[in-house]
Visitor: 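Questions regarding the structure given below will be posed in turn.
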Amino acid sequence: MLDKSIHFLLENAGPVIQYRLKKEILNNLFKAEEERLLNQIYKLPYFKLLENYSKLNGYIGNGMHSYDNWRGNVLHENPLQDGEKAARLLSYYSIPKEHPLVKNFVQAMRNETILQKEFSYIPPEIARFKNRFLGLNNGNCLMSIIYTMQAMLGYGDDFDDLVKFQHIALKGFERILKLSSLDEILKKRTRLEKKYKYPYIEEKEYFPNVYTLEVLAYTKSWRSKKNIQMLTDSFNHINKIMKMEHLNQIHVKIKNKYYIPCFAFTAPIKTFHSDLIDSIVYRRILTEIAMLGVGDMVDVIKNSIANIKNAVNSEGILKMNLEQAHNKKYSPKNIKYPSPYVDVRLETDYTKPHALDCDLTFWAVQLLYMVENIKNE
């Protein structure tokens with residue numbers, strides 16, 4: 001099945017998938033071919049656009065996971081002018097960490113003077129930078145995003161502060177294993193506001209979310225058989241104890257304010273099924289769990305693999321039912337720019353024949369490959 005899928009991708013995919021397929025999965029990317037494909041990637045419209053937002057100090061765009069507009073002022077003329085979206089595009093395109101855009105961006109993210117300047121353009125960002133470490137234990141702060149973007153760009157294991165964040169991320173997943181119910185750590189409001197009455201977790205509470213998952217997925221120094229087994233047990237426990245009614249129904253309290261946590265693991269993680277797109281980051285979370293080296297020991301991964309094999313047609317193409325009303329809402333056809341709120345898209349133009357098929361099929365090949373080949377490193 002993989003042979004047919006790989007053949008389909010080699011015949012039809014654009015340069016990003018070709019590059020990542022040969023480099024990460026086939027392991028047959030020679031220097032001349034690598035240079036050829038990278039030159040094609042560097043000419044893609046999104047990459048060219050991102051280059052325009054790179055500043056002399058190395059930072060890319062304005063802010064990170066930040067306002068697009070502030071009191072009538074347009075802060076991002078394009079989504080890629082946001083630092084997080086820019087970092088995600090560079091990561092998804094697998095731009096080499098030695099490339100000046102990547103290297104200089106990471107250096108800027110590690111320079112406090114540059115960061116303070118970059119987060120001083122509107123009052124909310126000044127306050128956000130001042131409180132950038134509050135909520136780090138559950139991944140709900142500016143610094144968790146900045147650390148994670150560095151990891152996604154290939155710089156997650158060379159910096160002491162980032163290695164410390166890896167251990168914080170592990171503690172969040174360890175915390176899950178000590179719970180029999182999420183209610184054990186939820187606190188009720190002492191004063192009920194008119195609009196939101198959700199229970200909350202404290203800012204210092206260890207708890208996993210997508211950023212603490214990603215920082216582990218893109219790093220290696222934390223990896224040991226013990227930690228990988230702990231993560232395996234934690235993900236299986238999440239699906240055992242979490243309830244759907246908690247999805248987007250809790251807050252995290254930072255100082256005296258309450259925030260919706262960014263994709264905290266407060267509900268069961270859904271198995272991939274070709275007839276259902278469960279959420280806006282449906283496939284990406286499964287990919288990042290597999291990147292941890294857990295193989296098929298996590299039940300949601302094991303069951304997703306079985307469903308992928310059933311959904312791949314005789315030509316090796318992964319097909320999904322995108323016509324149902326619910327699926328149209330979260331369809332990968334709606335993905336245009338990278339963001340924390342969408343799955344990964346690698347093909348530039350979905351109007352081209354097989355472009356969407358290539359994205360879905362590469363994801364299937366990638367997941368199957370990682371389950372079989374990423375072990376304790």
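What you see is a predicted model, and the numbers here were worked out from it, not measured in a lab.
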Visitor: Return each pair, listed once, that meets side-chain hydrogen bond (donor to acceptor under 3.5 Å, both in side chains) where at least one residue sits in residues 301-312; pairs must be two or more places apart or across chains.
Guide: none

Visitor: So which pairs with a foot in residues 23-43 pass ring pair (Phe, Tyr, Trp, His ring centres under 6.0 Å), sequence neighbours left out?
Guide: Tyr42-Phe47, Tyr42-His99

Visitor: Which residue pairs pass the salt bridge (charged side-chain N to carboxylate O under 4.0 Å, His left out) test with at least one member in residues 42-65, sequence neighbours excluded?
Guide: Lys48-Glu51, Lys55-Glu118

Visitor: Which pairs with one or both residues in residues 206-234 pass ring pair (Phe, Tyr, Trp, His ring centres under 6.0 Å), sequence neighbours excluded?
Guide: none

Visitor: Check ring-ring contact (aromatic ring centres under 6.0 Å, His included) between Phe173 and all other residues, then give those that pass, not counting sequence neighbours.
Guide: Phe235

Visitor: Restricting to ring-ring contact (aromatic ring centres under 6.0 Å, His included), what partner residues turn up for Tyr59, sequence neighbours left out?
Guide: Phe105

Visitor: Can you list the residues that meet the side-chain contact (heavy atoms from CB on, under 4.5 Å) rule with Ile241, with sequence neighbours excluded?
Guide: Leu179, His237

Visitor: Under 3.5 Å, side chain of Asp82 to main-chain N/O of His65, donor-acceptor pair present?
Guide: yes

Visitor: Output every pair passing side-chain hydrogen bond (donor to acceptor under 3.5 Å, both in side chains) with a member in residues 325-339, not counting sequence neighbours, ordered by first then second residue.
Guide: Asn78-Tyr337

Visitor: How is the hydrophobic cluster of Tyr121 composed, in terms of its other members, when Ile, Leu, Val, Met, Phe, Trp and Tyr link through side-chain heavy atoms under 4.5 Å apart, directly or indirectly?
Guide: Tyr67, Trp70, Leu75, Ile122

Visitor: Please list all pairs passing the salt bridge (charged side-chain N to carboxylate O under 4.0 Å, His left out) test where one or both residues lie in residues 145-160, with sequence neighbours left out.
Guide: Arg110-Asp158

Visitor: Can you list, by chain and residue number, the hydrophobic cluster partners of Ile335 when the side-chain cut-off is 4.5 Å?
Guide: Val342

Visitor: Tell me the ring pair (Phe, Tyr, Trp, His ring centres under 6.0 Å) pairs involving residues 137-158, sequence neighbours left out?
Guide: Tyr147-Phe165

